[in-house]
2 protein chains.
Amino acid sequence: MPDKKIFKLHAEVCKALAHALRIEVIDLLQGGESCFTDILEETGGLKSNLSQHLSIMVKCGILKVRKDSRCNYYSLSSSKVAKACSLMREVLIENLKKEQKLHKELLK
Amino acid sequence: MPDKKIFKLHAEVCKALAHALRIEVIDLLQGGESCFTDILEETGGLKSNLSQHLSIMVKCGILKVRKDSRCNYYSLSSSKVAKACSLMREVLIENLKKEQKLHKELLK
DNA sequence: CTTAGACATTCGAATATGCAAATATTTGAA
DNA sequence: TTCAAATATTTGCATATTCGAATGTCTAAG
């Protein structure tokens, strides 16, 4: 049995992707770094909430922060995160298409 | 605001990756389809538990099932799932290395 | 038609996550 | 020094996930 610890760690990192707001943030940051206030403007919602999610993502290591005196700039820690995320999006789209096809079949 | 519904759906699919056992299953299935009993033998644990996780993965659309009279064969619905998963693993590994480096620095 | 093997489903309890509101911290400008 | 903007942290509560045990279903084989 190969050490199961790695699976747990791996899952921890993947949990960073498991929330709509966090996905939205990743999507946003594909375009480059962005500061807290700008992210909030895009996503909407409460500051405290966004702050919590961003800190989760930083802890998981999928985001980096750069702080200057006026604000905190967030960015993806690696383009691999964006890539993984968009692969999963493709999987989703493929599944939606399959479902749609199935519905059409049923209505024939 | 681009429809937020897609983020929710996207996150749902990503949730399939957010558990150690499920990651282990994905790892296993990179080698090709495998039946319930064989998966269980590798992962260990309770049947009911594995069954629950597999059904979550099927519902999310990241696994396919093929049933014959003797057993259920599970496989990845797309190689993209494996790819996304291993990208996230790379992100993890990179982060672990960074941490390790930081520790070394501190001990100098 | 009864049984055994292979899974699936259900249930209640434990744990983890997410949310909103309140409070705290930090930094530059007045 | 004081204030305001920009974020972080804490707290209590609501919801969601996970787990293990028990029970149910389905399909050959006998």
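Just so we're on the same page: letters track the sequence lines, and every chain starts at 1.
If you measure from atom NZ of A/Lys47 to atom C1' of D/dT10, you get 17 Å, rounded to the nearest angstrom. Computed from coordinates, the B/Met57 CE to D/dT18 C1' distance equals 15 Å when rounded to whole Å. The distance between atom NE2 of B/His53 and atom C1' of D/dT18, rounded to the nearest whole Å, is 6 Å. Between the P atom of D/dA29 and the CZ atom of B/Arg70 lies a distance of 8 Å, rounded to the nearest Å. Counting to the nearest Å, the P atom of D/dA29 and the CG atom of B/Asp68 are 12 Å from each other.
Among the protein residues, A/Ser51 comes within range of the nucleic acid bases, having at least one heavy atom under 4.0 Å from a base atom.
Under a hydrophobic clustering in which Ile, Leu, Val, Met, Phe, Trp and Tyr are joined whenever their side-chain heavy atoms come within less than 4.5 Å, directly or via other members, B/Tyr74 and B/Leu40 fall into the same cluster. If you chain together hydrophobic residues whose side chains sit under 4.5 Å apart, A/Tyr73 and A/Leu50 never meet in one group.
Comparing A/Phe36 and B/Ser69 by the nucleotide of DNA chain D that holds the closest heavy atom to each, the one mapping nearer the 5' end is A/Phe36. Taking for each of A/Ser48 and B/Asn49 the nucleotide of DNA chain C with the nearest heavy atom, the 5'-most of the two is the partner of B/Asn49.
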How does each nucleotide of nucleotides 12-17 of chain D score, in 5' to 3' order, for protein heavy atoms under 4.0 Å: base (B), sugar-phosphate only (S), or none (-)? -----S

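Within 6.0 Å of atom CD in A/Glu105, more than 12 heavy atoms from other residues, nucleotides or ligands are found, so the atom counts as buried in its surroundings.
Heavy-atom minimum distance, A/Ser34 versus A/Leu29: CB-CD2, 3.6 Å. Considering every non-hydrogen atom in both A/Cys71 and A/Cys35, the closest pair reads SG-CB, 3.5 Å.
Checked by atom type and distance alone, the side chain of A/Thr43 pairs as donor or acceptor with a backbone atom of A/Ile39 at under 3.5 Å. Side-chain N or O atoms of B/Arg22 include one that pairs as donor or acceptor with a backbone N or O of B/Ala16 at under 3.5 Å.
Scanning DNA chain C 5' to 3' for nucleotides with an atom closer than 4.0 angstrom to a non-hydrogen atom of chain B gives a first and last hit of C/dA6 to C/dC11.
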Listed pairs under 3.5 Å, donor-acceptor, residues 79-94 of chain B side chains, sequence neighbours left out:
residue, atom, partner, partner atom, Å
B/Lys80, NZ, A/Glu90, OE1, 2.7
B/Lys80, NZ, A/Glu94, OE2, 2.7
B/Ser86, OG, B/Ala82, O, 3.3
B/Ser86, OG, B/Lys83, O, 3.2
B/Arg89, NE, A/His10, ND1, 2.7
B/Arg89, NH2, B/Asp27, OD1, 2.9
B/Arg89, NH2, B/Asp27, OD2, 2.9
B/Glu90, OE1, A/Lys80, NZ, 2.7
B/Glu94, OE2, A/Lys80, NZ, 2.7

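Atom CD in A/Glu42 sits 5.0 Å away from atom CG in A/Leu28 (nearest 0.5 Å).
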